[in-house]
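Let me begin by presenting the structure, written as structure tokens, before commenting on it.
Please read all numbers here as calculations on a predicted model, not as lab measurements.
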Amino acid sequence: MGSEERDSDKPFKVQDRRRFSATGEARAESEAAPAEPAPAAAPEPPPAAPAAEAPSHHEHAHAELSFATFVISLSTQALALLGEIPDPVQGRTAVDLEGARQFIDILGILQDKTRGNLDAREAALLEGALYDLRMKYVERANR
């Protein structure tokens with residue numbers, strides 16, 4: 001007979017260690033203090049979110065991530081750096097041609113690396129975004 005089997009035959013004692021009674025009154029220290037240290041238990045997993053809760057904005061945004069939203073996101077950042085739209089954090093427009101050029105170059109790399117792997121709508125979106133951004137970049141650089 002192994003030690004595990006012998007331990008399971010021992011009676012166990014249940015001890016109420018709550019600090020408050022059922023009526024809400026504080027228990028005396030001697031009642032609340034544990035007689036023996038409790039064995040370490042595995043941590044409980046966090047409770048699952050209730051089904052009735054709607055997903056947060058960030059969860060929802062991640063669920064809808066697609067190639068098109070990725071291209072639009074990069075294009076929007078390039079437009080902000082070109083001073084075409086206000087920075088959402090600062091609420092004002094600022095021009096950073098070098099930063100805008102980097103985003104435009106990233107979109108160009110995406111176009112090169114995904115050529116032949118995109119559907120017609122994705123390819124048209126990327127091509128149109130690149131054309132518009134390149135024209136706005138040249139216009140802004142020549143001012």
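Leu81 is not listed as a side-chain neighbour of Leu97, based on a closest heavy-atom distance of 4.5 Å or more. A heavy-atom distance below 4.5 Å is found between the side chains of Leu82 and Leu133. The shortest side-chain heavy-atom distance between Ile104 and Leu74 does not fall under the 4.5 Å cut-off. Using a 4.5 Å cut-off on side-chain heavy atoms (C-beta onward), Phe67 and Asp119 make no contact. Considering only heavy atoms from C-beta on, Leu107 comes within 4.5 Å of Leu126 through its side chain.
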(request) Decide side chain to side chain contact (heavy atoms under 4.5 Å, CB included) for Leu110 and Phe70; before the verdict, give the C-alpha distance in whole Å, the side-chain angles of both, and the deciding distance to 0.1 Å. (result) CA-CA 11 Å; Leu110 274 174; Phe70 181 57; 3.4 Å; yes
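With values rounded to the nearest 0.5 angstrom, Glu84 atom CD is found 10.0 Å from Asp132 atom CG. Here OH of Tyr137 is found 14.5 Å from CG of Leu79. Values are rounded to the nearest 0.5 Å.
The two atoms that bring Ala78 and Ala100 nearest to each other are O-CB, 3.9 Å, heavy atoms only.
Of the charged side-chain nitrogens involved, at least one lies within less than 4.0 Å of a carboxylate oxygen, so that Asp105 and Arg101 count as a salt-bridged pair.
Although no hydrogens or angles enter the test, the distance criterion places a donor-acceptor pair under 3.5 Å between the side chain of Thr76 and the main chain of Ile72.
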